[in-house]
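Report on one structure; see the data block that follows.
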Amino acid sequence: QVQLVESGGGLVQAGGSLRLSCAASGRTDSNYVMGWFRQAPGKEREFVAAIGRSGGITSYADSVKGRFTISRDNAKNTVFLQMNSLKPEDTAVYYCASRRYYNILRVSTAYDYWGQGTQVTVSS
């Protein structure tokens, strides 16, 4: 079992920045791919970004490419999402997820463990 706990969400004005963190505990040796998803009210959960085990491979949704950066610190079992140039449409609950395989996939069903989510609200 793996437990994931997100932090760092909050209220920010458009154009601002936030840094989300996700701390993993338990069987962290199985956290090969780590990802971030988000879900806005009335919408389906969508892929935001993911990172491979070594941190050398990343993937981003087109909507956040160039604004968001995913990174990980395996020594601390933590993954980060640096969000810059935030827009009101980035408002959502952001979820951290882990996958027990090496290949990065963008569908939520490919991920095995999930955090409880952290709210990000961007005001215009």
Side-chain angles (χ1 to χ4, degrees):
Q1 283 285 54
V2 174
Q3 293 78 44
L4 302 173
V5 179
E6 302 96 335
S7 61
L11 173 64
V12 65
Q13 288 188 332
S17 298
L18 282 175
R19 189 192 196 206
L20 304 184
S21 298
C22 172
S25 60
R27 289 290 305 274
T28 57
D29 59 336
S30 63
N31 292 347
Y32 297 142
V33 171
M34 299 296 295
W36 287 96
F37 288 76
R38 67 186 182 186
Q39 188 166 18
K43 294 188 177 181
E44 293 186 353
R45 190 169 298 189
E46 65 173 0
F47 172 79
V48 175
I51 187 168
R53 178 69 173 171
S54 67
I57 298 176
T58 57
S59 179
Y60 296 93
D62 289 344
S63 58
V64 307
K65 199 173 295 182
R67 299 188 298 123
F68 291 10
T69 302
I70 189 170
S71 61
R72 66 190 295 171
D73 183 339
N74 289 336
K76 297 182 178 179
N77 295 316
T78 302
V79 63
F80 306 96
L81 186 68
Q82 178 67 43
M83 305 186 296
N84 299 329
S85 302
L86 283 162
K87 305 175 181 180
E89 50 263 44
D90 294 319
T91 295
V93 177
Y94 283 71
Y95 297 91
C96 174
S98 69
R99 172 170 161 76
R100 293 176 294 176
Y101 298 92
Y102 286 105
N103 56 323
I104 291 178
L105 294 180
R106 298 185 171 202
V107 293
S108 60
T109 52
Y111 290 75
D112 304 291
Y113 301 102
W114 292 83
Q116 82 289 348
T118 185
Q119 176 70 47
V120 171
T121 303
V122 184
S123 64
S124 58

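We find the CG-CD distance between Asp112 and Gln1 to be 10.0 Å, quoted to the nearest 0.5 Å. Summarising the geometry, atom OG belonging to Ser108 is positioned 12.0 Å from atom CZ belonging to Arg99; distances are rounded to the nearest 0.5 Å. Residue Gln13 holds its CD atom at 9.5 Å from OG of Ser124, rounded to the nearest 0.5 Å. Separation of atoms CD (Gln82) and CG (Leu18) is listed at 8.5 Å; rounding is to 0.5 Å. How far CZ of Arg19 is from OG1 of Thr69: 10.5 Å, rounded to the nearest 0.5 Å.
Leu86 is not connected to Tyr95 by any chain of hydrophobic side-chain contacts under 4.5 Å among Ile, Leu, Val, Met, Phe, Trp and Tyr, and they are in different clusters. Linking ILVMFWY residues whenever their side-chain heavy atoms come closer than 4.5 Å, directly or via other members, leaves Phe80 and Val120 in distinct clusters. Note: the hydrophobic cluster containing Leu81 also contains Val12 (ILVMFWY, side chain heavy atoms under 4.5 Å, direct or indirect links).
In this structure, Leu20 and Gly9 approach most closely via the heavy-atom pair CD2-N, 3.6 Å. Residues Ala24 and Leu4 share a closest heavy-atom pair of CB-CD2, 3.6 Å. Considering all non-hydrogen atoms of both residues, Tyr111 and Val33 come closest at OH-CG1, 3.7 Å. Taking every heavy atom of both residues into account, Arg106 and Ser59 meet most closely at NH2-OG, 2.9 Å. Closest non-hydrogen pair, Ala110 versus Leu105, comes out as CB-CD1, 3.8 Å. The nearest pair of heavy atoms linking Val2 to Ser98 is CG1-OG, 4.3 Å.
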Show your working on side chain to side chain contact (heavy atoms under 4.5 Å, CB included) between Thr91 and Gln119 and close with a plain yes or no. CA-CA 8 Å; Thr91 295; Gln119 176 70 47; 4.0 Å; yes
Show your working on side chain to side chain contact (heavy atoms under 4.5 Å, CB included) between Val79 and Trp36 and close with a plain yes or no. CA-CA 9 Å; Val79 63; Trp36 287 96; 4.0 Å; yes
Step by step, work out the salt bridge (charged side-chain N to carboxylate O under 4.0 Å, His left out) result for Lys65 and Asp62. CA-CA 5 Å; Lys65 199 173 295 182; Asp62 289 344; 3.3 Å; yes
Applying side chain to side chain contact (heavy atoms under 4.5 Å, CB included), run through Met83 and Asp90 and close with a yes or a no. CA-CA 9 Å; Met83 305 186 296; Asp90 294 319; over 6 Å; no
How far apart are the C-alpha atoms of Cys96 and Trp114, what are their side-chain angles, what is the distance that settles it, and do they pass the side chain to side chain contact (heavy atoms under 4.5 Å, CB included) test? CA-CA 6 Å; Cys96 174; Trp114 292 83; over 6 Å; no
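The aromatic rings of Phe68 and Tyr94 sit tilted relative to each other, their planes meeting at an angle between 30° and 60°.
Counting heavy-atom neighbours within 6.0 Å of Ile57 CD1, excluding the residue itself, gives a total of 12 or less.
Under the 3.5 Å distance criterion, the side-chain polar atoms of Glu6 are matched with a main-chain donor or acceptor of Gln116. Side-chain N or O atoms of Arg67 include one that pairs as donor or acceptor with a backbone N or O of Ser85 at under 3.5 Å. No side-chain donor-acceptor contact under 3.5 Å links Asn74 to the backbone of Ser54.
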Kindly list each side-chain donor-acceptor pair under 3.5 angstrom involving residues 44-52, sequence neighbours excluded, with atom names and distances?
residue: Arg45; atom: NE; partner: Gln39; partner atom: OE1; Å: 3.4
residue: Glu46; atom: OE2; partner: Arg38; partner atom: NE; Å: 2.6
residue: Glu46; atom: OE2; partner: Arg38; partner atom: NH2; Å: 3.2

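Within the 6.0 Å centre-distance limit, the rings of Tyr102 and Tyr32 are counted as a close aromatic pair.
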